[in-house]
Amino acid sequence: MAAVENGDRTTRADLVITGCTALVHGEDGRIDFADDAAVVVRGGVVDAVTTAAAVADLPATERIDGSGQVAMPGLVNCHTHSPMVALRGIAEDMPVEEWFNDWIWPIESNLTDSVVELGALLACAEMIRGGVTTFADHYFAMDKVAAAVTHSGLRANLGWAYFSGQGTEGRERSLDFALSANGSADGRITTSLAPHAPYTVDDEDLAATAELAREHGLPVHLHAAENKAQTDHSLERYGRTPIEVLERAGLLDTDLLIAHGTGITGRDLPVLRRATGRVAVATAPRGYLKFGWDTTPVRALAGLGVPVGLATDGAASNNTLDVWESMTLTVLVQKSTERDPAWLTARQALDHATAQSARAVGLGDRIGALAPGRRADVILVDLTGPHTRPVHDVAATLVHSARSSDVRTTVVDGKVLMRDRRLLTLDVPAVAAELDRELPALIRRRDGRRIQEYNA
Ligand SMILES: [Zn+2]
């Protein structure tokens, strides 16, 4: 069992979770489990991870009995487009060109602020129910997403997306939003610059983005090398892979979150190795399986020390915002791709889900571990169900047997957002009904109207 902290045993705590098994990180970062543990929260921060006995008499404003449950850091959805829940299941069983050009981008020409906010609220509800406490979002009308995040109680890193086709206006709006929203929602919202991808944002715009990122100390979040075909086309057209395009633009010298990277090739590895910025990759395996793509080269990236965070992408391609499922799929797809049953163990998967995902969204020192001083973003996972009994190895049970629906309680910044499966900040039937009323106008496709063309 890893060392646990004793903390302050007399001052009233805001929240005490007791009697649980706690997922803790040892000094070397190794994941361990502390039995009969307690988590003490004061001022939105984890004050101590200690024994249940140590807090038996501790006065607390709120107490949660965690018997039979695992307390662990909340999951992080490292790449999504939360309002796209409005398009869940609308375009299935087709290649990505058709998906973008005939469905998603025509429909997105009808987006309204109201659809974005309602979609984001529904997405927040889904994520809280699935044990997600932080998400990195990449979309339009992000002031409305910020409002949803503020209301829901979640933590998020938000980026207002842009294409070069919008002229300089898109990039400027992304910067304005990143500067004005950073630190809002009591510090729960951080921001990124969000160019869409190297195939929709030209070299000049990418270089200007890198410059702005350095000038303002902002991270950058974008799609790149989404699949092998994009890498092949980039090589044919420009003689450079998408990763080399990013390097040339100076983006690998910024804090960069790359979504997908399933098209990252062997020649990209030395490029990533010499990056001076904090470069990370988000993997969302369900969508790759659906589109028939390869997957993110997690093993090669691990060899470079590049963190790989877990993600779902938007629900229009992934159908769910279930990061728990992404964790399980990542393990299975990695074993299959590498033809190695020993690669990507359950403990490694939990490291991706916690510490690596936190680093990927630029919050490596604030979240991602149950440790004194970290923000109190905690979930409780019930392992008493028939599908999770008996428990021989907690890590294996979490990754291979438990499901997102086993998350009973979700806490962000010490505030309980879901208790015993009941959402405390959001009214799903009301949000879903309001969104339903907006859908007929949203999904109408008119000849030739689309926000962008996919030709990558
Ligand atoms: Zn995406």
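Just follow the structure's listing: the first ligand is 1, and inside any ligand the first atom is 1. Quantities reported herein were computed from a predicted structural model and do not represent experimental measurements.
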Under 3.5 Å donor-acceptor, D382 side chain and R408 backbone:
no

Excluding sequence neighbours, so at least two apart, what forms salt bridge (charged side-chain N to carboxylate O under 4.0 Å, His left out) with R240?
none

Ignoring hydrogens, what is the shortest heavy-atom contact between T191 and L218? Give both atom names and the distance.
OG1-CD2, 3.8 Å

Run the salt-bridge test on R188 and D413 with the 4.0 Å N-O cut-off and return the result as yes or no.
no

What distance separates L329 CG from Y288 OH, expressed to the nearest 0.5 Å?
11.5 Å

In total, how many protein N/O/S atoms does one find closer than 2.8 Å to the Zn ion (ligand 1)?
4

Ring centers of H221, H223 separated by less than 6.0 Å
no

